[in-house]
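Fair warning: this is a prediction, and the values are worked out from it, not measured in the lab.
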Amino acid sequence: MRGRHFISCMAVLLLAPAWIVGSASPARAFCVERDVVVNTICDGQGHRTITDRALDFLSPGIRSRIKEKNIDQDGKGTTDRPELHFTNCLFTKSTEYIRSQYDQVLSAISTSVGPTDSSTATMRWGQLLHPVQDFYSHSPWVDPVPVGLGFGTTYPKRLLDSGLGNWRRLGPYEKLFPAESVNSDIVTVQGNIWGVIDLPKDQFGSPKSAVPNVWPFYSGRLRGLMTASSKPFTNGNGQCPPPGQAPYSSNLADFTCLDKESVCIRHGGDECQNYWGTNDRPIYDNCLQHDVDSRVNWEEAFDSAVAQTEHEWCRLLNMTRDQKSFDAASIPIALWVTKDDPPYATPHSAGTACAREHKRDIDLRLTISVETQGRRDNPNLSFVAYTGDFRQSVRTLIRANKAHASLDICLNRDDTLVTTLWGWSDKTYSSLLGGGDGSYDPWEPVLAGTTKAFTGPNFPSSEHIGVTPDLLLKLKLSPDLSNDCPN
């Protein structure tokens, strides 16, 4: 059965050396843009720009910390952890890492702990965004058929995980979309399978696709989703099907990917070459590496990484609300977000479950009077009203010890209205660290906030008092019965 891998329990033992001594490029991600280094090769192409593009509504200081912790995943001590880069077919390890990081993000978002909340939460969130973004560079997800799965040009973008709860833990040879008719045959390629797996070949016997054919003994043909192979393969760090021997190698211990007899495909580097002629170019130009704009299908991978990052913001809000409360979800909405300028910099990104929805039933005026308690400085107070589905929000910044402000928001009758007020004090050095006067930075002292939810369909005129150790406020709701919401 030339050109195919028959992989069974016995084959695990027979093929073990190929797993252990495999050679491939270290895992690199979308190129690393550093603020302190001029990098003309990478400018505007990597994780920093992806994050800026997706999360441009966050304050400069918050976004700076998220980006810093994201690109640190490509730093020293991370190259021996392929799961941080979504390589080596480590679907289980990569998704478990993302899930555990989300657990820590939610633990750090607290209404009772002090100003370190956002610092820890944004650190963990920035770290998990790295593999979330890397997946699209290190897989054939966006590549056109027959090289890849062809998900690079859809709108809204087809995402690896589009849920609003924590990421799905993906196991070996698990169906990604079992309920769909067209894509129900796509499975993760991870480790050995009781069956047959190979790469589709052209008439010359050379690989023509990075999507393996998978024939489990219990099923018909399936399409396999792989990620790129990179160093190291040792200690279970490589779960792509066993590579063959390196082309033209005289060293029997020199194993590689990306040859006629292999299923795994290198991440790139010098090994990413065309050994058998022009018929192989689509595979060898690709090499499951879309890190920079000189690579094939970089733009599609970049755009998909942006879309997944935008979705992660919506996931974060929904998970915080569902696993904790509106009080906790109000922290990123009121403190982290600095502007809402649709359709440009907005926390309601198009194509996500938090995309702005046109509300038309009730025009509601919110009036607030607020006083800070025991504070002699002039803190920043963020007053925000948003709907419980996170598809509408309005905000204003109050900068005084005693102040009045008002907001207008349009609602549907079945909406939940959430109002929240949080504050912070600017530090004089904040502008040097990426922040600035009037926008919250994760190292600045926080004034304990207060949140109040109102459930429709009735929003009667009413007044509400809110008290925290730092804030005293009076909130007035005034529905406009004339319904001046825009049509």
Side-chain angles (χ1 to χ4, degrees), residues 57 111 156 164 310-311 313-322 324-371 381-398 403-423 449-468 471-487:
F57 50 86
T111 57
L164 294 177
E310 290 173 336
H311 178 78
W313 166 254
C314 188
R315 185 198 307 272
L316 174 65
L317 296 180
N318 279 270
M319 284 182 65
T320 308
R321 176 199 64 198
D322 294 343
K324 305 196 81 169
S325 63
F326 279 121
D327 299 75
S330 294
I331 294 175
I333 289 178
L335 288 179
W336 298 10
V337 176
T338 190
K339 57 184 175 181
D340 187 356
D341 182 24
Y344 305 106
T346 175
H348 308 287
S349 299
T352 73
C354 296
R356 188 178 297 278
E357 180 184 57
H358 182 54
K359 311 283 188 175
R360 63 176 66 242
D361 292 344
I362 301 171
D363 184 13
L364 190 64
R365 166 63 62 94
L366 306 171
T367 306
I368 186 174
S369 60
V370 59
E371 180 178 348
L381 304 175
S382 178
F383 176 41
V384 183
Y386 62 95
T387 54
D389 58 4
F390 305 112
R391 301 193 65 178
Q392 185 82 292
S393 66
V394 290
R395 64 187 58 247
T396 187
L397 183 66
I398 306 169
H404 301 268
S406 62
L407 293 172
D408 289 283
I409 187 170
C410 289
L411 306 171
N412 291 336
R413 293 191 180 276
D414 58 350
D415 280 333
T416 295
L417 169 69
V418 186
T419 63
T420 188
L421 179 74
W422 282 81
T450 179
T451 300
K452 177 74 174 176
F454 305 88
T455 302
N458 297 314
F459 298 95
S461 297
S462 55
E463 288 189 354
H464 304 270
I465 304 296
V467 181
T468 78
L471 301 170
L472 172 65
L473 66 89
K474 179 186 292 185
L475 175 68
K476 183 178 180 181
L477 275 66
S478 304
D480 183 354
L481 300 180
S482 65
N483 191 359
D484 288 334
C485 291
N487 295 320

Measuring from atom [atom1] of [X] to atom [atom2] of [Y], what distance do you get when rounded to the nearest 0.5 angstrom?
X    : Y    : atom1 : atom2 : answer
L364 : L366 : CG    : CG    : 4.5 Å
T338 : L397 : OG1   : CG    : 7.5 Å
C410 : H358 : SG    : NE2   : 7.5 Å
S406 : K476 : OG    : NZ    : 11.5 Å
D327 : T450 : CG    : OG1   : 7.5 Å
I368 : L475 : CD1   : CG    : 6.0 Å

Verdict with reasoning, H404 to T367, per side chain to side chain contact (heavy atoms under 4.5 Å, CB included): CA-CA 7 Å; H404 301 268; T367 306; 5.8 Å; no

Would one find more than 12 heavy atoms of other residues, nucleotides or ligands at under 6.0 Å from atom NZ of K324? yes

Considering only distance and modelled atom types, tabulate donor-acceptor pairs under 3.5 Å from the side chains of residues 452-464, sequence neighbours left out.
| from | atom 1 | to | atom 2 | distance (Å) |
| --- | --- | --- | --- | --- |
| S462 | OG | P460 | O | 3.3 |
| S462 | OG | H464 | NE2 | 2.9 |

If we ignore angles and hydrogens, is there a donor and acceptor under 3.5 Å between the side chains of R315 and N318?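 No, no side-chain donor-acceptor pair sits under 3.5 Å.
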
Do you know the tightest heavy-atom contact between [X] and [Y]?
X    : Y    : answer
A329 : T320 : N-CG2, 3.4 Å
A353 : C314 : C-SG, 3.7 Å
F383 : I398 : CB-CD1, 4.1 Å
A385 : L417 : CB-CD1, 4.2 Å
A350 : E310 : O-OE1, 4.3 Å
F326 : T451 : O-CG2, 4.1 Å

T387: which residues meet the side-chain hydrogen bond (donor to acceptor under 3.5 Å, both in side chains) condition with it, sequence neighbours left out? D389

Side chain to side chain contact (heavy atoms under 4.5 Å, CB included) between F57 and T346: does it pass, once the steps are laid out? CA-CA 5 Å; F57 50 86; T346 175; 5.6 Å; no

D408 meets the side chain to side chain contact (heavy atoms under 4.5 Å, CB included) criterion, sequence neighbours left out, with D363, R365

For the residue pair [X] and [Y], establish whether any side-chain heavy-atom pair is separated by less than 4.5 Å.
X    : Y    : answer
I333 : P347 : no
L421 : T419 : no
P332 : L317 : yes

Okay, side chain of S382, backbone of A334: is any donor-acceptor separation there less than 3.5 Å?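 Yes; at least one donor-acceptor contact below 3.5 Å.
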
Would the distance check show the side chain of R391 and the main-chain N or O of C354 forming a donor-acceptor pair, the cut-off being under 3.5 Å?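 No: the side chain of R391 does not pair with the backbone of C354.
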
One thing to verify: whether D415 and K359 come together as a salt bridge, which I'm taking to mean a side-chain N less than 4.0 angstrom from a carboxylate O.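 A salt bridge is present here (some side-chain N lies under 4.0 Å from a carboxylate O).
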
So T416 and R321, side chain to side chain contact (heavy atoms under 4.5 Å, CB included) or not? Walk me through it. CA-CA 12 Å; T416 295; R321 176 199 64 198; over 6 Å; no

For the pair L316 and F390, evaluate side chain to side chain contact (heavy atoms under 4.5 Å, CB included) and give the outcome as yes or no after the intermediate values. CA-CA 11 Å; L316 174 65; F390 305 112; over 6 Å; no

